[in-house]
Asker: 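For reference, the structure I am asking about is given below.
Here is how names work: the chains are called A, B, and so on, in the same order as the sequence lines, proteins then strands, and each is numbered from 1. Computed from a prediction, not measured in an experiment: that's the story for all the values here.
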Amino acid sequence: MENTSPRNFLEEIIEEDLNKGKNGGRVHTRFPPEPNGYLHIGHAKSICLNFGLAQKYGGLTNLRFDDTNPTKEDVEYVESIKEDIRWLGFSWDDREYYASDYFQQLYEWAEKLIKEGKAYVDDQSAEEISRQRGTITTPGIESPYRNRSVEENLDLFRRMRAGEFPEGSRVLRAKIDMAHPNMLMRDPIMYRIIYAHHHRTGDKWCIYPMYDYAHGQSDYLEGITHSICTLEFEIHRPLYDWFLDQLMDTEYRPRQIEFARLNLSYTVMSKRKLLQLVKEGYVSGWDDPRMPTICGLRRRGYTPESIRNFADRIGVARRDNVIDVSLLEFSVRENLNKRAIRRLAVLNPVKLVIENYPEGQVEYLPAVNNPEDPESGTRPIPFARELWIEREDFLAEPVKGFHRLFPGGEVRLKYAYIIKCERFEIDPQTGEVCTIYCTYDPQSKTGGATANRKVKGTIHWISVAHAHAAEVRLYDRLFNVPDPDDVPEGGSFIDHLNPNSLRVVSAYIEPALAEARQGEHFQFERLGYFFPDYDFTPEKPVFNRTVTLKDTWAKFAGK
RNA sequence: UGACCGAUGGUGUAACGGCAGCACAGGAGAUUUUGGUUCUCUUAGUCCAGGUUCGAAUCCUGGUCGGUCAACCA
């Protein structure tokens with residue numbers, strides 16, 4: 001292989017395995033979500049890794065729902081997870097599996113372990129078992145039921161399965177080592193009794209395998225070669241290997257490899273906290289555009305490509321990391337800059353009157369749809385005597401470095417004329433500027449005699465007579481500190497919620513925008529990238545702000 | 001006082017015993033009918049102490065700091 005580009009540690013491992021001819025030279029990965037919540041950007045990292053690695057090495061990736069706990073899981077989540085993976089641009093073809101597909105085989109293997117004296121039924125309560133487990137620095141003690149006969153264990157286990165015992169009364173444990181320094185090896189629980197309806201197996205089972213017993217065997221059954229998971233499962237690896245070694249005598253072996261999960265600044269990522277935001281109404285739902293969920297990002301206007309690029313850029317390693325959210329924002333700006341259709345909109349309008357422009361006259365001026373894409377052409381936009389401009393683009397008393405409109409100053413109206421501010425009026429009620437009066441240079445239109453005159457700034461505008469109203473939702477970071485989880489005693493990440501993470505404004509948009517379609521990405525020139533919300537209708541257009549444009553003036557002015 | 005894992009600019013991530021590179025962020029400038037884009041330039045880093053070696057981010061030893069583990073969750 002002559003690929004000299006730097007490789008991450010997963011690629012190194014895979015290439016090493018390939019060179020050694022391990023597992024017949026196959027690469028087969030899996031993405032194993034538990035259907036108990038919505039996927040977020042951290043899952044996207046894992047998805048890109050698992051599918052990306054398989055793609056790179058000519059292998060396959062399975063989708064496997066890890067549904068071993070019927071009390072927590074639900075079909076509702078299965079569909080959303082599939083939709084999100086597809087949307088991200090990956091396909092598992094027909095390899096859609098469920099850990100529950102393997103319940104029968106897992107059960108038979110459990111009997112095999114019992115027969116070999118490697119597993120036993122424990123009659124103790126959860127509390128007793130927990131007490132006997134010892135602590136991190138002291139060994140555990142053995143259960144009084146540990147040395148039951150094979151016959152008794154088998155009988156009890158079969159009766160557990162038959163539903164003869166109440167929930168929580170007995171468990172099946174692997175007989176390993178109660179003094180093992182790794183607590184997970186201290187006779188871990190393999191099966192527990194749960195009388196709950198399973199979303200796939202219904203009421204067929206009342207005993208359910210634990211993650212540790214199910215995962216490695218599921219990998220084995222699917223022919224997975226590289227079982228990639230996050231760092232917190234590292235300590236589970238000896239157990240993953242132990243079961244495989246007891247049960248399998250082939251040369252083929254799936255291998256668990258851990259990587260550091262994604263953390264994002266100004267964001268919380270745990271399912272529990274995300275759920276709390278939804279349940280307690282801090283956001284409108286899992287797909288609230290401020291959520292780091294895949295469906296939230298989608299509604300916000302993020303593109304699959306931008307998320308894949310982001311996943312590439314953040315890399316992968318085994319050290320804990322916090323990615324700056326600005327890298328995510330960079331990724332979406334970069335992608336949207338290339339593809340977003342340019343349109344004009346005024347979010348915070350103030351009226352501007354061009355006194356020497358004929359009353360009643362309307363011109364349709366050509367405006368470029370996307371300067372990054374010469375093929376995209378132009379559309380006509382109506383220009384008239386009365387316009388809306390952005391309130392921030394006028395200052396009665398200009399400050400140093402201000403390139404926009406002020407009394408006596410000139411500015412170019414994008415795609416139109418150069419205007420000069422003659423005077424302005426203040427609303428006596430509010431004390432705010434209400435009307436700005438200008439004159440225009442009739443020769444300064446694109447292609448005109450004075451069109452190339454240098455003026456300091458260019459601003460956008462909307463003809464009052466032709467403006468459509470729209471609701472625009474301005475989103476900002478959900479939290480106002482880089483690490484929302486960093487809270488003093490008794491505090492909560494909720495305390496760090498950004499009160500201005502959503503501002504809804506009534507805006508004026510150019511006529512073409514009223515005809516926007518779902519799924520189209522727009523740049524409102526000089527403002528940012530916007531995406532029609534699911535609530536959008538031609539009668540009542542609603543846009544979500546995906547992200548602002550990079551704004552070096554705001555940065556300067558803010559100092 | 002346990003086991004396992006980790007430590008490279010502000011944030012990520014490369015280097016496989018031989019010039020510490022790239023991206024984001026930050027800064028300066030050029031271009032620009034978006035204070036966008038693009039293009040230049042630029043600030044800033046190997047946790048500490050020993051050892052091995054002609055040569056150490058890399059190997060060894062010891063420390064320091066951080067993470068994970070005591071659900072019948074995954």
Asker: Can you tell which of A:R146, A:R173, A:R133 makes a side-chain hydrogen bond (donor to acceptor under 3.5 Å, both in side chains) with A:D187?
Answerer: A:R146
Asker: According to a strict under-4.0 Å criterion, is A:S125 in side-chain N/O contact with OP1 or OP2 of B:C72?
Answerer: no
Asker: Taking ring-ring contact (aromatic ring centres under 6.0 Å, His included) as the definition, give me every residue that meets it alongside A:Y107, ordered by chain and number, with sequence neighbours left out.
Answerer: A:F157, A:W205
Asker: On RNA chain B, does the nearest nucleotide to A:I235 precede the nearest nucleotide to A:F402 from the 5' side, or the other way round? Give the residue.
Answerer: A:F402
Asker: Select base, sugar-phosphate, or nothing to describe what A:Q523 touches, counting heavy atoms under 4.0 Å on all strands.
Answerer: base
Asker: In whole Å, measure the gap between the P atoms of B:G27 and B:C59 for me.
Answerer: 37 Å
Asker: Reckon A:K555 has a side-chain N or O less than 4.0 Å from the OP1 or OP2 of B:G26?
Answerer: yes
Asker: Determine the interatomic distance between P on B:U11 and the same-named atom on B:G50; round to the nearest Å.
Answerer: 26 Å
Asker: Regarding A:R342, tell me which of base, sugar-phosphate or nothing describes its non-hydrogen contacts under 4.0 Å with the strands shown.
Answerer: base
Asker: Just to be sure I understand the rule, does A:T135 reach a base, reach only the sugar-phosphate, or reach nothing, if contact means heavy atoms closer than 4.0 Å?
Answerer: base
Asker: When the P atoms of B:G2 and B:U8 are compared, how many Å lie between them, rounded to an integer?
Answerer: 24 Å
Asker: If stacking means aromatic ring centre less than 5.5 angstrom from the base's six-membered ring centre, planes under 30°, is A:H403 stacked on B:G35?
Answerer: yes
Asker: For a 4.5 angstrom cut-off between non-hydrogen side-chain atoms, does A:Y38 reach A:Y77?
Answerer: yes
Asker: For RNA chain B, what residues of residues 161-181 of chain A have any heavy atom nearer than 4.0 Å?
Answerer: A:G168, A:V171, A:P181
Asker: Measure from the ring centre of A:W553 to the centre of the six-membered ring in the base of B:G35, then say whether that distance is under 5.5 Å and the planes meet at under 30°.
Answerer: yes
Asker: Classify the side chain of A:R313 and the base of B:U13 as holding, or not holding, a donor-acceptor pair under 3.5 Å.
Answerer: no
Asker: Apply side-chain hydrogen bond (donor to acceptor under 3.5 Å, both in side chains) to A:E16 and list each qualifying residue two or more places apart in sequence or on a separate chain.
Answerer: none
Asker: For B:A71, is chi within 90° of 0 (syn) or not (anti)?
Answerer: syn
Asker: Applying the side chain to side chain contact (heavy atoms under 4.5 Å, CB included) test to A:M269, which of A:L274, A:L262, A:T293 qualifies?
Answerer: A:L262
Asker: Scan A:G401 against the nucleic acid and name what it touches under 4.0 Å (heavy atoms): base, sugar-phosphate only, or nothing.
Answerer: base
Asker: Got a sec, which residues hit ring-ring contact (aromatic ring centres under 6.0 Å, His included) with A:Y240, two or more places apart in sequence or on another chain?
Answerer: none
Asker: B:G36 phosphate, OP1 or OP2: any side-chain N/O from A:T552 under 4.0 angstrom?
Answerer: yes
Asker: So A:R343 and A:I341, do their side chains get closer than 4.5 Å, heavy atoms only?
Answerer: yes
Asker: Are any of the side-chain heavy atoms of A:Y208 and A:R192 separated by less than 4.5 Å?
Answerer: yes
Asker: Quick one: the side chain of A:E372 and the base of B:G36, do they pair up donor-acceptor inside 3.5 Å?
Answerer: yes
Asker: Quote, to the nearest angstrom, the C1' distance that separates B:A28 from B:G55.
Answerer: 38 Å
Asker: Is the Lys NZ or Arg CZ of A:R200 less than 6.0 Å from the centre of A:Y98's six-membered ring, within 45° of the axis?
Answerer: yes
Asker: Both distances under 3.5 Å, Watson-Crick or G-U wobble: on that basis, could you give the dot-bracket string for RNA chain B, with [ ] for crossing pairs and | for other-strand partners?
Answerer: .((((((..((((....[..)))).(((((.......)))))....(((((..]....))))))))))).....
Asker: Answer with yes or no whether A:T446 presents, from its side chain, a donor or acceptor under 3.5 Å of a partner atom in the base of B:U33.
Answerer: yes
Asker: Would you mind classifying the nucleic acid contact of A:R404 as base, sugar-phosphate or nothing, using non-hydrogen atoms under 4.0 angstrom?
Answerer: base
Asker: Mind checking the P distance from B:U38 to B:U64? Whole angstroms is fine.
Answerer: 48 Å
Asker: Can you check the distance between B:A20 and B:U58, where both ends of the measurement are the P atom (answer in whole Å)?
Answerer: 14 Å
Asker: Nearest to the A:L327 side chain among B:G27, B:G12, B:C24, which nucleotide is it?
Answerer: B:C24
Asker: Using 4.0 Å as the upper bound for N to carboxylate O, is an ion pair formed by A:R64 and A:D101?
Answerer: no
Asker: Of the candidate nucleotides B:A23, B:U33, B:U68, which contains the atom at the shortest distance from the side chain of A:E232?
Answerer: B:U68
Asker: Heavy atoms under 4.0 Å, any strand shown: does A:K550 hit a base, just sugar-phosphate, or nothing?
Answerer: sugar-phosphate
Asker: Roughly how far apart, to the nearest Å, are B:C5 and B:C22 at atom P?
Answerer: 33 Å
Asker: With a cut-off of less than 4.0 Å, is there a side-chain N or O of A:N69 near OP1 or OP2 of B:C73?
Answerer: yes
Asker: Could you check whether A:Q124 gets within reach of a base, just the sugar-phosphate, or nothing at all, counting any heavy atom under 4.0 Å?
Answerer: base
Asker: Is A:I129 close to A:V171 at the side-chain level, that is, under 4.5 Å between some pair of heavy atoms?
Answerer: yes
Asker: Please pick, from B:U34, B:A70, B:C24, the nucleotide with the shortest atom-to-atom distance to any side-chain atom of A:E525.
Answerer: B:U34
Asker: To the side chain of A:T137, which of B:A74, B:G2, B:U37 is closest?
Answerer: B:G2
Asker: Could you tell me how far B:U68 sits from B:G12 if I compare only their P atoms? Round to whole Å.
Answerer: 16 Å
Asker: Between residues 317-325 of chain A and RNA chain B, which residues have a heavy-atom gap below 4.0 Å?
Answerer: A:A317, A:R318, A:R319, A:D320, A:N321, A:V322, A:I323, A:D324
Asker: Compare the minimum distances between each of B:A71, B:A74, B:C4 and the side chain of A:R192, then state the nucleotide with the smallest one.
Answerer: B:A74
Asker: Assign A:Y208 to base, sugar-phosphate, or nothing according to its heavy-atom contacts below 4.0 angstrom with the strands shown.
Answerer: nothing
Asker: Would you mind classifying the nucleic acid contact of A:V316 as base, sugar-phosphate or nothing, using non-hydrogen atoms under 4.0 angstrom?
Answerer: sugar-phosphate
Asker: Tell me whether the side-chain N/O atoms of A:R412 come closer than 4.0 Å to OP1 or OP2 in B:G35.
Answerer: no
Asker: With a non-hydrogen cut-off below 4.0 angstrom, is A:N452 in contact with a base, only sugar-phosphate, or nothing?
Answerer: nothing
Asker: A cation-pi test, strictly: NZ or CZ of A:R148 under 6.0 Å from the centre of the six-membered ring of A:Y120 and no more than 45 degrees from its axis. Yes or no?
Answerer: no
Asker: Do A:S331 and A:N309 have a side chain donor and acceptor closer than 3.5 Å?
Answerer: no
Asker: Kindly say if A:T68 contacts the phosphate of B:A74, meaning a side-chain N or O under 4.0 Å from OP1 or OP2.
Answerer: yes
Asker: Within a reach of under 6.0 Å around CZ of A:R261, are more than 12 heavy atoms found that belong to other residues, nucleotides or ligands?
Answerer: no
Asker: With sugar-phosphate meaning primed atoms plus P, OP1 and OP2, does A:H236 contact a base, only sugar-phosphate, or nothing at under 4.0 Å between heavy atoms?
Answerer: base
Asker: Identify, between A:D67 and A:E234, the residue whose nearest nucleotide on RNA chain B lies closer to the 5' end.
Answerer: A:E234
Asker: May I ask you to say what A:P371 touches in the nucleic acid, namely base, sugar-phosphate or nothing, with a heavy-atom cut-off under 4.0 Å?
Answerer: base
Asker: Can you check whether A:Y145 reaches A:Q124 side chain to side chain, under 4.5 Å on heavy atoms?
Answerer: yes
Asker: Identify whether any heavy atom of A:K454 sits under 4.0 Å from a base atom; if not, whether one sits that close to sugar-phosphate; answer base, sugar-phosphate or nothing.
Answerer: sugar-phosphate
Asker: Kindly point out which of B:G2, B:C24, B:A71 is positioned nearest to the side chain of A:F330?
Answerer: B:C24
Asker: Determine the contact category for A:Y191: base if any of its heavy atoms lies under 4.0 Å from a base atom, sugar-phosphate if only primed atoms, P, OP1 or OP2 are that close, otherwise nothing.
Answerer: nothing
Asker: Hydrogens and angles aside, do A:S326 and A:E329 bring a side-chain donor and acceptor to less than 3.5 Å of each other?
Answerer: no
